[in-house]
Number of protein chains: 2
Amino acid sequence: MQTQGGLMHIEVSPEVDALVRDVIGQVADKWTMLILEALEEHGTLRFTQVGRIVGGISQKMLTKTLRQMECDGLITRKVHPVIPPHVEYTMTEIGRELTAAFCGVWVWAETYHAQVEAARAAFKAREGR
Amino acid sequence: MQTQGGLMHIEVSPEVDALVRDVIGQVADKWTMLILEALEEHGTLRFTQVGRIVGGISQKMLTKTLRQMECDGLITRKVHPVIPPHVEYTMTEIGRELTAAFCGVWVWAETYHAQVEAARAAFKAREGR
DNA sequence: CTGAATCCGGCTGGATACTG
DNA sequence: CAGTATCCAGCCGGATTCAG
């Protein structure tokens, strides 16, 4: 990503750029963010606990998202071979780093959410008629 | 967002939480990211210029994405009433702020994408058999 | 040049039922 | 408890065509 006018410059090769976009595409997903939050806040959690804390997620998407996050190395999955099954999910170091990186966006939203809502209202008023 | 064990704590209202998810959804979008990059790098651009710099985007998605970004107040749309039409798109202050905030995620991706790929390969090897 | 409108195939994601 | 499997409605996004 390149910036202008005195902001930082980060030059990347096209292939790295593509990989970065791919990683961001996987990682900057709605459920991924919420699961990262849940694990950051509560530490290690079981499958059902994650679903309950996140809220509103279907079992299918919970499974799918957890699998993807495990695949990308954001979390670890520990299976305890007992009956009934007991599976624990824990954030990895790069998962925590990612969560920290997202903080900037959270701060942005804290700072500007009112302006975004105002912009949307103004846009609606402009385009509405 | 809350963290644990001595890390920073950021408490957010439900509405901010909702906006963050919404904004992340927008920014995580492939075309939004590329348009932010294009405007950050080149400054004010015309409709066709954005499409050419971004590359590979359909006219429909270009229009749609620009509209969404304008609605959210990330960019401004300036129409010059001439023939042929001349429309300029420019990043707003909060658009630049968001881009800067999102830089953290880019840096994360650039820092760790190799580890992500390694994790994916390891996962594939584990699950493959 | 800058869009709007339409058609349409493919993928996403929710609901549901079933398994070890 | 922790998934897997299946069905299916809805949205996304590309291609194309038309308009101011």
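Lettering follows sequence order; numbering is per chain, from 1. Just so it is clear, the structure is predicted and the values come from calculations on it, not from any experiment.
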Rounded off to whole Å, could you give me the CE-to-C1' distance for the M61(A) and dT6(D) pair? 17 Å

Taking CD from Q59(B) and P from dT6(C), how many angstroms apart are they, rounded to a whole number? 14 Å

Of all the nucleotides listed (dG13(C), dG3(D), dA2(D)), which has the minimum atom distance to the side chain of K64(A)? dG13(C)

Heavy-atom nearest pair, G55(A) first then W31(A), reads O-CZ3, 3.9 Å

Taking only N and O in the side chain of T63(B), is any of them less than 4.0 Å away from OP1 or OP2 of dT2(C)? no

Taking the side chain of W31(A) as heavy atoms from C-beta outward, which of dG3(C), dG14(C), dC1(D) is closest to it? dG14(C)

Check this one for me: any side-chain N or O of R46(A) less than 4.0 Å away from OP1 or OP2 of dA2(D)? yes

Name the nucleic acid region contacted by D29(A), choosing base, sugar-phosphate or nothing; use a 4.0 angstrom heavy-atom cut-off, strictly under. nothing

With the side chain of V87(A) defined as its heavy atoms from C-beta on, choose the nearest nucleotide among dT2(C), dG3(D), dT6(D). dG3(D)

I want to check one thing: is the phosphate of dG3(D), taken as OP1 and OP2, less than 4.0 Å away from some side-chain N or O of R67(A)? yes

Tell me if the side-chain of E88(A) makes a donor-acceptor pair with the base of dA2(D), cut-off 3.5 Å, by modelled atom types. no

Should the ring pair Y89(B) and F47(B) be called parallel, tilted or perpendicular, given that the plane angle runs from 0 to 90° and is split at 30 and 60? tilted

State whether a side-chain donor-acceptor pair under 3.5 Å links Q49(A) with H42(A). no

Protein-nucleotide distance (L62(B), atom CG; dC1(C), atom P), rounded to Å: 13 Å

Let's see if you can work this out: which of dG3(C), dC1(D), dG13(C) has an atom nearest to the side-chain heavy atoms of F47(B)? dG3(C)

